[in-house]
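Worksheet for the structure shown next.
Whatever order the structure lists ligands and atoms in, that order sets their numbers, starting from 1. Along the sequence shown, residues are numbered consecutively beginning with 1. Every value quoted in this text rests on a predicted model; they were computed, and no experiment measured them.
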Amino acid sequence: MTPTSYIEISESAIETNIDFIHRLIGDQVQYSAVVKGNAYGHGTEIYCPVAYKHGVRHFSVANAEEAVVLKKAVPQQDVTILIMGFIHDSDLEWAIENEIEFYVFEPSRLEAALAAARKVSKPARIHLEVETGMNRTGLERKAFKKALELVEKNKGLLLVKGVCTHLAGAESITNYKRIRDQQKKFKRSLEVLKNHDLDEYHVHMASSAATIRYPKTRFDLVRVGILQYGFFPTEETLVHYLNKEKNFDNPLKRVVSWKTQVMEIKTVKPGEFVGYGTSYFANKATRIAIIPVGYSSGFNRSLSNAGKVLIRGSRLDVIGTVNMNMMAVDITSCPEVEKGDEVVLIGCQGDLEISVSSFGDFSQTINYELLTRLPQSIPRITTK
Ligand SMILES: *Cc1c(COP(=O)(O)O)cnc(C)c1O
């Protein structure tokens with residue numbers, strides 16, 4: 001069946017972004033590709049094999065379900081999969097058996113991991129997450145010390161593959177003090193490790209923002225999400241990077257485009273309303289194109305009478321309310337538009353572009369939310 005709309009994933013853009021990340025961190029630091037939230041809406045099955053092809057061997061996801069999808073998408077033998085968030089205790093055996101690494105952020109998770117490891121006679125590959133001030137997940141100092149003792153007593157069953165923490169907002173200078181405090185606290189936790197004899201493990205703290213802004217937080221592994229998809233975490237992070245480089249070209253490329261086609265065209269007489277209710281009044285003869293995408297496919301209803309789309313190289317207005325599966329666009333200024341014409345919802349057409357952020361409410365961190373909300377049901381295809 002021909003899809004109503006489709007999402008294009010640009011392989012060359014992925015390559016550009018991955019090369020940028022590798023150049024930025026150098027070859028002493030490993031890069032874990034954060035692919036939670038269906039690879040930030042890009043599609044795990046599409047994004048991850050391309051990332052693999054361009055040298056990525058470490059992937060991080062939020063939970064066990066995401067790990068299952070990821071595992072099928074990339075070659076098994078030389079890839080590390082890390083679960084940073086939730087796994088039910090009953091899935092720990094599965095994770096251990098499949099050599100999937102996971103965060104341990106509270107004592108009972110460690111006990112459960114030990115029990116599961118014993119059961120399957122294989123070591124649990126754990127990352128001890130320490131609480132440094134985000135106050136979300138993480139072992140408090142005392143629990144961290146206890147965890148290390150338990151690890152030492154059960155060396156064959158608990159394998160520490162990482163010691164880590166998460167920063168509470170490195171993308172904004174407002175949080176500067178908090179980030180510096182977290183760095184200090186993390187350093188104190190790392191000192192505790194000196195008293196313990198562990199095998200080789202990674203130390204990691206930085207996501208995209210800290211990787212750019214606080215190079216010292218890179219240690220030997222960074223967990224990079226949003227940069228891979230062509231976005232700086234905030235405008236502020238981008239400006240910081242450009243000023244430092246003295247090069248004012250954005251080094252990243254948007255990976256995603258979203259396209260559909262014109263479904264119907266009609267002319268509305270002056271004095272009529274368009275769509276449900278009275279939200280759009282045609283005060284002159286108005287030609288409209290009906291587009292087969294609505295809020296059920298992720299085109300937010302708040303874009304009623306506000307959104308823009310590209311058709312035949314023109315930027316055109318969404319008029320009336322965005323319906324569940326349809327919306328109307330004013331094409332009066334563009335008489336050559338025909339049924340079947342390509343409609344760009346996100347991406348480029350001719351010289352014009354609809355960016356992901358313009359698609360939202362212009363607020364800075366919205367890219368994350370907009371991307372992950374692109375419904376899984378829209379087909380993704382790769383392009384060069
Ligand atoms: C999402 C996430 C990241 C990646 O964040 P970006 O800002 O997209 O780079 C890193 N670490 C953890 C724990 C995360 O949840």
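Judged by distance alone, the side chain of R223 and the main-chain N or O of M84 form no donor-acceptor pair under 3.5 Å.
More than 12 heavy atoms of other residues, nucleotides or ligands sit less than 6.0 Å from atom CD of E336.
Protein heavy atom at the shortest distance from atom 7 (O) of ligand 1 is Y368 OH, 2.7 Å. With hydrogens left out, the protein atom closest to atom 9 (O) of ligand 1 is S208 OG, 2.5 Å, a heavy atom. Considering only non-hydrogen protein atoms, atom 12 (C) of ligand 1 sits nearest to H166 CE1, 3.4 Å.
For the pair I226 and ligand 1, the shortest N or O to N or O distance falls below 3.5 Å. No N or O atom of P233 sits closer than 3.5 Å to an N or O atom of ligand 1.
Contacts between R223 and ligand 1, counted as non-hydrogen atom pairs separated by less than 4.0 Å, involve both the backbone and the side chain. With a heavy-atom cut-off of 4.0 Å, K36 touches ligand 1 through its side chain alone.
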Open item on the list: As a quick check of understanding, evaluate salt bridge (Lys or Arg N to Asp or Glu O under 4.0 Å) for K36 and E66, giving each step before the final call.
Closed with: CA-CA 7 Å; K36 66 191 179 192; E66 290 183 349; over 6 Å; no
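A distance of 6.0 Å or more separates the ring centres of Y31 and F59. Within the 6.0 Å centre-distance limit, the rings of F20 and Y241 are counted as a close aromatic pair.
When only modelled atom types and interatomic distance are considered, D78 and Y52 share a side-chain donor-acceptor pair under 3.5 Å.
With a 6.0 Å cutoff to the six-membered ring centre and a 45° limit on the axis angle, R254 does not count as a cation-pi contact of Y229.
Of the listed residues (F231, Y40, F232), the one carrying the non-hydrogen atom nearest atom 4 (C) of ligand 1 is Y40.
In summary, the atoms of ligand 1 found under 4.0 Å from a heavy atom of M84, numbered by their order in the structure, are 11 (N), 12 (C), 13 (C), 14 (C), 15 (O).
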